[in-house]
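Report on the following structure.
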Amino acid sequence: MRSYQTLFRTPEFTPFLLSFAAFAAAQTIGGLALGTLVFRATGSPFLSALSMFGPQLAQLVGAMFLLSGADRLPPRAILTGLSLAFAAGTAVQALPGLPLWAVFGVLLAQGVVASLGGGVRGGLLTEILPKDGYVLGRSVYSMLWGLTQMAGFATGGVLLALLSPRTCLLLAAALYALSALVTRLGLTARPPRASGRPSLAATWRTNALLWSSRPRRLTYLGLWVPNGLVIGGDSLYVSYAPGAAGTLYACGALGMIAGDLLVGRLVPPAWRPRLATPLRLLLAVPYLFFVLRPGVALSAVAAAVASVGFAATLVLQERLLALTPDDLAGHALGLHATGTAALQGTAAALAGALAQLTSPATAMTLMAAGSITATLTLAALTTHEARRPDPNDRSWSRGA
């Protein structure tokens with residue numbers, strides 16, 4: 001599948017995207033509003049960054065207890081319930097006088113239930129699309145995420161200039177509810193992809209199976225670490241440029257769209273595996289210049305150029321699916337999404353702490369340097385592993 005026309009003729013692909021778009025818009029506007037609310041209340045870069053990205057840390061808890069449900073529960077029901085849970089939690093965060101500990105308590109609960117979302121959506125996409133359409137479809141999915149971020153952060157910045165953060169949170173809650181409605185009406189009720197009941201034992205057993213292969217481990221680390229460290233630096237936009245954070249996030253989203261378009265539509269499949277390391281380096285290198293404390297215009301250009309590198313995720317996701325049995329695709333992609341979110345949350349907390357001790361610009365530069373180091377290390381390990389296939393992993397021999 002190489003054309004967008006064929007892709008959008010696929011049944012259910014459009015409502016799948018619309019549902020995700022509403023959810024992503026709510027997440028973007030709500031995250032910016034909450035980060036601004038916390039920063040205005042506390043003046044703390046650490047707490048502001050943690051409020052925007054910290055909930056992703058809680059997804060680790062969900063990954064340990066809930067992730068087996070990604071393949072063992074009906075996807076439409078799970079996605080509908082997830083959107084409704086986020087709508088309710090975001091509405092609670094908008095309550096006047098809600099203490100800070102309660103705000104973070106709601107964020108923790110949202111992070112736990114969100115651990116199912118990435119796996120369920122990823123697995124459902126593999127059912128909606130044929131195998132040869134996954135990368136193109138996933139690139140459109142990622143471009144939509146980038147477009148939604150760009151529009152959401154730009155719109156959120158305007159809304160925050162006109163309205164209070166709490167009003168923006170209520171708007172986000174309404175968008176979550178819209179996502180639930182589109183999911184319920186636009187998608188078919190499908191049975192679970194795998195048999196058995198979701199449980200803690202099943203989650204741990206499958207996590208251990210997926211992690212047991214060295215090639216899969218290196219792929220997961222490539223998806224998690226370089227990306228997470230850069231996102232940790234991005235979490236400081238609010239404290240780096242309080243009046244222009246929406247602009248910086250929107251320009252980053254624009255770069256993400258460009259990268260996904262390039263890799264998903266224009267790059268031949270045979271070339272894609274070679275791009276993983278160059279794209280991950282591109283993701284971090286422009287942020288080294290933040291040590292010079294550039295103004296908003298140059299910072300926006302750097303964010304846009306760097307974000308082209310997020311397209312490395314498409315390359316590594318394709319590699320991950322080649323290394324994973326079909327009936328574990330949802331769980332594997334859920335583990336990817338959860339690990340990505342957890343690393344981003346951890347990196348946001350680390351970046352916030354560094355910014356408290358130094359400055360937001362210095363912290364962003366240090367996070368970028370860490371990302372470059374991680375990318376070069378993983379590239380060396382992957383090259384070494386390619387010369388020594390894992391004898392215990394049959395999926396590696398199929399995907400090589």
Side-chain angles (χ1 to χ4, degrees), residues 1 4 6-24 26-27 59 62-63 65-87 112-142 144-145 175-203 205-207 209-210 314 317-318 320-338 341 395:
M1 185 181 288
Y4 291 122
T6 304
L7 182 67
F8 281 97
R9 284 178 178 171
T10 304
E12 296 187 79
F13 184 66
T14 297
F16 173 84
L17 287 182
L18 292 176
S19 168
F20 173 69
F23 190 94
Q27 202 168 35
Q59 291 195 29
F65 291 94
L66 305 176
L67 201 51
S68 62
D71 292 303
R72 291 176 169 87
L73 294 172
R76 187 180 71 173
I78 292 300
L79 291 178
T80 302
L82 186 66
S83 295
L84 291 175
F86 267 77
V112 171
V113 299
S115 62
L116 274 175
V120 173
R121 286 195 184 89
L124 181 57
L125 189 60
T126 65
E127 292 189 75
I128 291 174
L129 298 176
K131 282 185 179 295
D132 65 348
Y134 178 81
V135 170
L136 184 62
R138 187 74 192 201
S139 73
V140 171
Y141 178 92
S142 298
L144 178 63
W145 171 234
L175 287 170
Y176 282 127
L178 177 62
S179 174
L181 181 64
V182 174
T183 300
R184 179 62 181 81
L185 299 180
L187 298 180
T188 301
R190 283 180 168 81
R193 283 178 296 277
S195 60
R197 297 176 58 185
S199 66
L200 175 62
T203 298
R205 185 169 57 249
T206 307
N207 284 345
L209 174 64
L210 291 170
L314 292 175
Q317 283 176 339
E318 187 176 30
L320 178 64
L321 287 175
L323 297 168
T324 304
D326 290 344
D327 61 345
L328 295 180
H331 194 123
L333 291 169
L335 186 59
H336 149 49
T338 299
S395 64

Rounded to the nearest 0.5 Å, what separates atom CD1 in I128 from atom OG1 in T10?
9.0 Å
Got a sec, which residues hit side-chain hydrogen bond (donor to acceptor under 3.5 Å, both in side chains) with S83, two or more places apart in sequence or on another chain?
S179
Results of side-chain contact (heavy atoms from CB on, under 4.5 Å) for L187 - residues two or more places apart only
E12, P15, F16, R76, L124, T183
Could you measure the distance from the CG atom of L333 to the CG atom of L321? Nearest 0.5 Å is fine.
5.0 Å
Indicate yes or no: at least one non-hydrogen side-chain atom of T206 is less than 4.5 angstrom from one of R72.
yes
Rounded to the nearest 0.5 Å, how far does CG of L18 lie from CG of L181?
11.5 Å
Sequence-distant partners of L209, side-chain contact (heavy atoms from CB on, under 4.5 Å), two or more places apart:
S212, L328
At what distance, to the nearest 0.5 angstrom, does OG1 of T203 lie from CG of N207?
6.5 Å
Could you tell me which non-hydrogen atom of G117 sits nearest to which non-hydrogen atom of L82, and how far apart they are?
CA-CD2, 3.6 Å
How close do T324 and A332 get, counting heavy atoms only, and between which atoms?
CG2-CB, 3.6 Å
Excluding sequence neighbours, so at least two apart, what forms side-chain hydrogen bond (donor to acceptor under 3.5 Å, both in side chains) with R138?
Q317
My understanding is that only residues two or more places apart in sequence, or in another chain, count here; which of them pass ring pair (Phe, Tyr, Trp, His ring centres under 6.0 Å) with Y176?
F23, F86
For L17, what residues pass the side-chain contact (heavy atoms from CB on, under 4.5 Å) criterion, not counting sequence neighbours?
F8, F13, V140, Y141, L144
Nearest-0.5 Å distance that lies between atom CD1 in I78 and atom CG in L73:
4.5 Å
Would you compute the distance between atom CZ of R184 and atom CG of L79 and round it to the nearest 0.5 angstrom?
12.5 Å
Heavy-atom closest contact (P75 atom, P191 atom, distance):
CD-O, 4.2 Å
